[in-house]
Amino acid sequence: MVVAPPPAAVDPKILAKRLISQQADWPRSRKFDCKRLKCVALTFDDGPNEQTARLLDILSRRDVKATFFVLGQMVAADPGGRLTRRIVEDGHELGNHSWSHPTLTGLSQEALHRELKGTGDLVEKITGVRMRLMRPPYGATNDAVAEASRQQGMAQILWTVDTLDWLNRSAGVVAQRGGEAKPGSIVLLHDIHASSVDAVPAMLDTLARKGYTFVTVSELYGQPPTPGLTYIER
């Protein structure tokens with residue numbers, strides 16, 4: 001008789017994080033009162049990719065939580081879903097940025113539904129999390145995009161501060177722009193550019209000196225935003 005080998009030991013802390021990440025209210029709000037505090041939500045688009053791991057290390061060292069708007073095709077290319085799971089296990093928030101980054105306003109209803117649902121289903125399969133936020137590529141939205149988002153239970157999240165990090169690959173310039181955030185701002189960055197990740201420590205330093213509290217998008221509002229509605233700042 002062939003006896004199956006015992007399962008490999010799992011670090012209890014890792015197992016606990018995975019189980020918690022499957023809860024409906026993940027990531028759990030840390031209950032910041034952003035009506036009183038100077039809150040800012042850092043958001044990162046277009047990943048995950050090889051730069052994401054370095055960014056997660058930076059955020060972890062500073063105990064900063066952020067929101068990652070992921071592309072389905074990048075999640076699919078993430079070996080074993082390792083980075084996607086780590087985003088969740090580290091306590092960050094996930095948002096849907098479509099499958100392939102098209103202009104959603106130019107798609108048929110069927111194609112629009114496919115772009116959002118494909119990403120949502122894959123992320124849920126990998127992490128156990130059903131995303132409740134989405135960011136339309138290029139910020140392009142209309143009534144059809146709003147309705148598709150509502151049907152899939154997601155709010156549309158735009159931004160207050162555009163660091164233009166996709167255009168200016170200078171860490172200093174990106175850090176300066178991000179550091180100009182006001183209370184309640186949603187800051188747009190991309191974790192696919194090395195220069196953007198390079199900018200994060202200085203940006204965090206600048207905002208911390210100004211007394212800012214770093215929160216996820218849902219924490220910024222104190223609760224999950226309403227599906228279908230569009231949010232730019234608190």
Side-chain angles (χ1 to χ4, degrees), residues 17-18 20-22 25-30 40-101 115-116 118-139 149 154-163 165-166 174 178 185-194 196-200 203-204 214-221 224-225 231:
K17 285 183 177 181
R18 289 178 180 172
I20 290 172
S21 72
Q22 295 174 16
D25 62 348
W26 179 265
R28 290 180 177 171
S29 171
R30 294 168 291 170
V40 61
L42 302 183
T43 65
F44 297 90
D45 287 10
D46 293 355
N49 80 340
E50 62 270 14
Q51 297 298 329
T52 306
R54 188 163 64 91
L55 172 60
L56 290 170
D57 288 342
I58 293 170
L59 297 177
S60 178
R61 286 194 295 269
R62 308 236 182 173
D63 194 26
V64 168
K65 307 304 179 188
T67 302
F68 289 78
F69 289 94
V70 297
L71 288 173
Q73 63 184 9
M74 299 297 280
V75 174
D78 176 19
R82 178 178 55 86
L83 286 172
T84 310
R85 281 198 299 271
R86 184 183 168 189
I87 291 171
V88 173
E89 290 170 357
D90 281 7
H92 303 289
E93 188 166 34
L94 281 173
N96 191 324
H97 198 40
S98 81
W99 183 269
S100 60
H101 209 279
E115 282 282 335
L116 297 178
T119 302
D121 288 350
L122 179 59
V123 166
E124 184 172 22
K125 180 180 179 181
I126 291 173
T127 68
V129 172
R130 192 69 192 177
M131 295 180 290
R132 293 175 292 186
L133 309 176
M134 67 84 72
R135 172 170 284 161
Y138 314 107
S149 302
M154 297 182 293
Q156 298 185 92
I157 308 299
L158 300 183
W159 54 85
T160 322
V161 177
D162 188 349
T163 62
D165 60 336
W166 58 273
V174 172
S185 291
I186 298 173
V187 180
L188 171 61
L189 297 134
H190 297 79
D191 54 322
I192 60 172
H193 304 309
S196 300
V197 176
D198 291 342
V200 170
M203 188 186 311
L204 294 177
F214 302 102
V215 297
T216 66
V217 168
S218 290
E219 288 172 343
L220 184 66
Y221 294 100
Y231 297 78

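All residue numbers refer to positions in the sequence shown, counting from 1. Just the heavy atoms: all of them, side chains too, but no hydrogens, waters or symmetry mates, feed the values below.
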Straight-line distance of Asp162 CG to Leu188 CG, nearest 0.5 Å: 5.0 Å
Ring centres under 6.0 angstrom apart (Phe69, Phe44): no
Electrostatic pair Asp78:Arg86 at N-O distance under 4.0 angstrom: no
Closest non-hydrogen atom pair, Gly178 against Val161: CA-CG1, 4.5 Å
Short side-chain donor-acceptor distance under 3.5 Å, Glu93 and Ser218: yes
Side chain to side chain contact (heavy atoms under 4.5 Å, CB included) partner of His97, chosen from Thr43, Asp45, Ile157: Asp45
Over all atoms of both residues, closest heavy-atom pair of Leu158 and Gly139: CD2-CA, 3.9 Å
Under 3.5 Å: donor-acceptor pair, side chain of Thr119, backbone of Leu116: no
Side-chain heavy atoms of Leu56 within contact of Phe68, under 4.5 Å: yes
4.5 Å side-chain heavy-atom contact, Leu220 and Ile186: yes
From Ile87 atom CD1 to Lys65 atom NZ, the distance as rounded to the nearest 0.5 Å: 12.5 Å
Side-chain H-bond candidate by donor/acceptor type, Asp90 with Ser60, under 3.5 Å: no
Check against salt bridge (Lys or Arg N to Asp or Glu O under 4.0 Å), Arg130 and Asp121: CA-CA 8 Å; Arg130 192 69 192 177; Asp121 288 350; 2.8 Å; yes
Euclidean distance, Met203 CE relative to Phe214 CZ, rounded to 0.5 Å: 9.5 Å
For the student: nearest non-hydrogen atoms of Pro48 and Thr84, plus distance: CG-OG1, 3.7 Å
Separation of Leu71 CG from Arg135 CZ (nearest 0.5 Å): 11.5 Å
Close side-chain approach of Leu42 to Leu204, heavy-atom, < 4.5 Å: yes
CE-OG distance between Met154 and Ser149, expressed to the nearest 0.5 angstrom: 5.5 Å
Under-4.0 Å salt bridge between Arg54 and Asp198: yes
Verdict with reasoning, Trp166 to Ile192, per side-chain contact (heavy atoms from CB on, under 4.5 Å): CA-CA 9 Å; Trp166 58 273; Ile192 60 172; over 6 Å; no
Worked verdict on Asn96 versus Val123 for side-chain contact (heavy atoms from CB on, under 4.5 Å): CA-CA 9 Å; Asn96 191 324; Val123 166; over 6 Å; no
Thr127 side-chain N/O to Val129 backbone N/O, donor-acceptor pair under 3.5 Å: yes
Residue pair Thr216 / His92, side-chain heavy-atom distance below 4.5 Å: no
Aromatic ring proximity His101/Tyr138, centre distance under 6.0 Å: yes
Backbone of His190 reached by a side-chain donor or acceptor of Asp46 within 3.5 Å: no
Non-hydrogen side-chain atoms of Leu59 and Val200 separated by less than 4.5 Å: yes
Test item: Glu115 side-chain N/O and Ser100 main-chain N/O as donor-acceptor pair under 3.5 Å: yes
Check: Leu94 and Arg132 side chains under 4.5 Å, non-hydrogen atoms: no
Atom of Val174, atom of Asp165 and distance for their closest heavy-atom approach: CG2-CB, 3.6 Å
Reported OG1-to-CG distance for the pair Thr163 and Leu189, which is rounded to 0.5 angstrom: 4.0 Å
